[in-house]
Protein chains: 2
Amino acid sequence: MVKITDVARRAGVSPSTVSYALSGKRPISDATRLRVQAAVRELGYRADGGGRGPAGRRSKVLALAVPMRSGVHVPVVTQFAVSVVTAARAHDHDVLLLTQGEGEDGLARVADTGLADAVIVMDVQLHDPRLPLLRSRSLPSVLIGVPAEPDGLTCVDLDFRAAGELCVDHLARLGHRAVALVGSPPEVYVRRTAFARRLVEGFTGAADRHRLTSAVHPCGTGREAARAIAGRLVRELPSLTGVVVHNEPLVDPLIDAFEELGLSIPGDLSLTAVCPAPVAASARVPVTSVAVPSAELGTRAVHLLVRKLAGAPVPGATLLPPRLTERASTAPRGA
Amino acid sequence: MVKITDVARRAGVSPSTVSYALSGKRPISDATRLRVQAAVRELGYRADGGGRGPAGRRSKVLALAVPMRSGVHVPVVTQFAVSVVTAARAHDHDVLLLTQGEGEDGLARVADTGLADAVIVMDVQLHDPRLPLLRSRSLPSVLIGVPAEPDGLTCVDLDFRAAGELCVDHLARLGHRAVALVGSPPEVYVRRTAFARRLVEGFTGAADRHRLTSAVHPCGTGREAARAIAGRLVRELPSLTGVVVHNEPLVDPLIDAFEELGLSIPGDLSLTAVCPAPVAASARVPVTSVAVPSAELGTRAVHLLVRKLAGAPVPGATLLPPRLTERASTAPRGA
DNA sequence: AAGCGCTTCGAAACCGCTTTCTGCATCCCC
DNA sequence: GGGGATGCAGAAAGCGGTTTCGAAGCGCTT
């Protein structure tokens with residue numbers, strides 16, 4: 001750690017001169033100021049907050065509580081984390097990584113020790129056990145995901161309910177009359193993960209509104225799970241022609257599974273996904289999808305947090321409107 | 001932040017009494033001590049290092065410099081990061097996430113500000129530009145990966161050279177006389193990423209020693225890349241019967257691609273992979289593999305770092321011996 | 001009632017580092 | 001060559017906390 005005395009020695013002046021040269025609170029001759037600035041640059045000096053009082057009370061660190069629970073799609077979470085770090089750096093903050101497994105303790109520790117100035121909380125559940133902590137402590141926070149009762153909390157998310165509706169609307173407009181949602185793994189719903197539940201609500205609501213026959217099935221990942229769910233759907237809902245997938249790693253296997261059953265996409269079956277754009281675009285059959293903009297969510301979360309730290313007012317909930325991109329996997333019924 | 005005076009008020013004693021009750025440096029009556037301890041628990045008090053001097057000079061934070069460069073396999077990196085966080089927590093440390101994109105600046109900042117006590121550096125290249133920084137500053141570090149000149153640095157990695165040899169030995173023992181290495185994406189080699197280069201050396205060396213015909217090809221990811229490389233290998237090396245893959249996301253597509261060419265695995269072609277065990281085990285044809293133990297590497301790195309911080313001597317390089325697990329993808333030639 | 005431990009208190013010390021204050025050289029100009 | 005700027009060094013203050021020191025209260029024994 002290079003300190004002010006190091007800079008002073010390097011510049012051939014006293015520490016106080018360095019301080020004044022940097023703060024400008026007293027006039028310092030140009031020659032000296034330039035020498036000091038050069039020394040600062042050469043040594044990479046950064047004032048240490050530990051100095052006189054509340055000047056550096058802020059640690060310039062944001063904590064990121066990521067879940068890594070079973071059923072979450074790792075690349076999505078990772079991209080999110082990376083975008084948070086990048087955005088945080090752009091605001092001169094660093095990011096402390098908290099993982100589940102500590103549960104609420106991690107948050108409590110951060111709040112108590114002042115290790116971080118604020119927290120971003122991911123994988124929010126409808127009735128998240130971490131919420132009381134976030135409400136009671138003065139630690140500023142932003143949630144990724146909207147819990148059942150978001151009052152007083154700052155939340156960002158894709159509007160998953162609207163995303164579910166949008167997919168169904170799209171299929172209905174194409175003439176499909178029987179649709180199914182192939183969801184995330186069961187444990188995700190058991191945990192009452194907010195975004196998954198909301199998508200189901202949107203899907204079901206829109207299907208009812210359009211008077212479609214509909215079914216909702218959570219589904220694990222992997223080839224076998226895909227075969228099983230495809231077979232079951234075809235058996236239980238013979239009129240099925242529209243499917244919405246909300247399960248990133250299942251997109252490709254599901255396409256394979258339906259084709260193995262003799263159903264061509266989009267000839268016999270239209271497929272829509274809610275997933276990051278790259279996943280949809282690089283599937284064997286490019287899939288019409290509503291994008292999950294993990295990177296944008298991360299950036300937004302950081303912006304909100306920074307504004308909060310600056311004392312600016314922020315909206316309670318930011319729901320990004322879903323956008324559907326048509327690709328090769330959807331077509332009018334019977335086309 | 002709850003401080004010692006809060007605890008004192010809660011317990012109805014003076015701050016000094018709390019200090020003594022916690023440190024035991026003076027006798028405190030049982031009754032008082034218990035009350036203090038209760039107050040500590042209720043308020044979640046943690047001594048603030050900012051107090052009297054070097055006692056808390058340590059920030060109890062480790063920095064983790066993860067790459068997120070193109071060509072790295074995200075789940076592997078993520079699992080690694082998670083294991084680092086878990087291990088760090090077990091040693092009462094937190095983890096600060098640095099990503100590439102800042103390049104060396106992140107490390108410099110951490111070193112200069114004392115934000116973290118130590119660093120774990122991932123994705124090490126043979127001539128890594130970060131090495132001078134790590135050598136010059138007094139910031140303790142552990143590298144994941146072994147650079148060309150590791151003197152004075154602490155490194156951990158799977159012994160990728162031995163892993164390459166092991167795969168070839170295995171194929172040779174099964175009677176295969178022409179083998180190919182399908183490697184990571186080209187940019188990984190262009191960067192001179194240490195582990196990738198070492199694996200190639202091991203592969204080539206062993207192939208020469210066994211007097212096998214051999215070929216090495218970097219390869220991108222995705223179905224198309226797999227088809228292209230499979231076709232090319234079959235065309236250019238018609239006698240090919242053994243393949244080593246060092247490219248996680250390519251394992252499944254490559255199996256498909258070879259079978260599309262009419263080559264059955266392991267009937268016509270034996271396949272070995274160097275990848276995390278779950279990837280190999282859950283492929284369409286379970287693949288004989290040398291496991292990349294990301295979690296163990298993370299844990300080891302943290303242990304080494306903690307020992308370093310404690311002033312204990314640590315070995316310069318720790319190379320984990322590769323272990324090959326036979327699965328369904330390898331068989332004797334012509335069997 | 002004085003002496004003596006045992007506890008506990010209040011105030012001061014301390015920590016590393018920066019900032020601020022005071023005052024001493026210069027230098028310049030009349 | 002004296003007097004005011006000007007520019008800087010050195011010493012001290014200050015920060016937010018904890019730890020340490022000296023001493024005081026209090027109940028018991030002698």
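Quick caveat, the model's predicted, so the values are computed rather than measured. Note that these values count all heavy atoms, side chains included, but never hydrogens, waters or copies made by symmetry. Sequence lines set the chain letters: A, B, ... in the order given, protein chains first and strands last, and positions in each chain run from 1.
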Under 3.5 Å, is there a donor-acceptor pair between the side chain of A:Arg197 and the main chain of A:Arg192? no
Scan the side chains in residues 90-97 of chain B for donor-acceptor partners under 3.5 Å anywhere in the protein, sequence neighbours excluded, and list what turns up.
residue: B:His91; atom: NE2; partner: B:His303; partner atom: NE2; Å: 3.3
residue: B:Asp94; atom: OD1; partner: A:Arg109; partner atom: NH1; Å: 2.8
residue: B:Asp94; atom: OD2; partner: A:Arg109; partner atom: NH1; Å: 2.3

Axis-to-axis angle for the helix from C:dA1-D:dT30 to C:dC30-D:dG1, ends of five pairs each, to 10°, equals 70°
A:Asp6 CG to C:dG16 P: how many Å, rounded? 15 Å
Atom CD1 of A:Ile28 and atom P of C:dT19: how far apart are they, to the nearest Å? 13 Å
I'd like to check the side-chain hydrogen bond (donor to acceptor under 3.5 Å, both in side chains) partners of A:Thr32; sequence neighbours left out, ordered by chain and number. A:Ser29
Suppose we screen for ring pair (Phe, Tyr, Trp, His ring centres under 6.0 Å). Which residues come up paired with A:Phe80, at least two apart in sequence or across chains? none
Quick one: B:Leu22 CG to C:dT8 P, roughly how many Å, whole number? 13 Å
Contact under 4.0 Å: B:Thr17 side-chain N or O vs C:dT8 OP1/OP2: no
Taking distance alone, no hydrogens or angles, what donor-acceptor pairs closer than 3.5 Å link side-chain atoms of residues 37-45 of chain B to residues at least two apart or in another chain?
residue: B:Glu42; atom: OE1; partner: B:Arg10; partner atom: NE; Å: 2.8
residue: B:Glu42; atom: OE1; partner: B:Arg10; partner atom: NH2; Å: 2.4

Can you tell me if the side-chain N/O atoms of A:Tyr45 get under 4.0 Å from OP1 or OP2 in C:dT18? yes
Would you classify B:Val13 as touching base, sugar-phosphate or nothing, given that sugar-phosphate means primed atoms plus P, OP1 and OP2, and contacts are heavy atoms under 4.0 Å? sugar-phosphate
Holding to salt bridge (Lys or Arg N to Asp or Glu O under 4.0 Å), I want the full list of residues that pass it with B:Arg9, two or more places apart in sequence or in another chain. B:Asp6
Contacts to DNA chain D from residues 30-44 of chain B, heavy-atom cutoff under 4.0 Å, which residues? none
Just N and O in the side chain of A:Lys3: are any of them under 4.0 Å from OP1 or OP2 of C:dG16? no
Just to confirm, is there a sub-4.0 Å distance from OP1 or OP2 of C:dT8 to any side-chain nitrogen or oxygen of B:Ser29? yes
Please give, in whole Å, the distance from D:dC8 C1' to A:Ile4 CD1? 14 Å
For residues 305-318 of chain A, the salt bridge (charged side-chain N to carboxylate O under 4.0 Å, His left out) pairs (sequence neighbours left out) are none
State which residues pass ring pair (Phe, Tyr, Trp, His ring centres under 6.0 Å) with B:His73; sequence neighbours excluded, sorted by chain then number. none
Which heavy atom of A:Cys155 sits nearest to which heavy atom of A:Pro150, and what is that distance? SG-CB, 4.0 Å
What pairs of nitrogen or oxygen atoms, one from the protein and one from nucleotides 21-25 of chain D, lie under 3.5 Å apart?
residue: D:dC21; atom: N4; partner: B:Tyr20; partner atom: OH; Å: 3.1
residue: D:dG22; atom: N7; partner: B:Arg26; partner atom: NH2; Å: 3.3
residue: D:dG22; atom: O6; partner: B:Arg26; partner atom: NH1; Å: 2.5
residue: D:dG22; atom: O6; partner: B:Arg26; partner atom: NH2; Å: 3.3

What side-chain donor-acceptor pairs closer than 3.5 Å can you find for residues 17-24 of chain A, not counting sequence neighbours?
residue: A:Thr17; atom: OG1; partner: A:Ser14; partner atom: OG; Å: 3.2
residue: A:Ser23; atom: OG; partner: A:Ser19; partner atom: O; Å: 3.1
residue: A:Ser23; atom: OG; partner: A:Lys25; partner atom: N; Å: 3.2

With a 3.5 Å cut-off and sequence neighbours excluded, list the donor-acceptor pairs that the side chains of residues 120-130 of chain A form with protein atoms.
residue: A:Asp123; atom: OD2; partner: A:Arg69; partner atom: NE; Å: 2.8
residue: A:Asp123; atom: OD2; partner: A:Arg69; partner atom: NH2; Å: 2.9
residue: A:Asp128; atom: OD1; partner: A:Arg130; partner atom: N; Å: 2.9
residue: A:Asp128; atom: OD1; partner: A:Arg130; partner atom: NE; Å: 2.8
residue: A:Asp128; atom: OD2; partner: A:Gln125; partner atom: N; Å: 2.9
residue: A:Asp128; atom: OD2; partner: A:Arg130; partner atom: NH2; Å: 2.9
residue: A:Arg130; atom: NH2; partner: A:Met122; partner atom: O; Å: 3.0
residue: A:Arg130; atom: NH2; partner: A:Asp123; partner atom: O; Å: 3.2

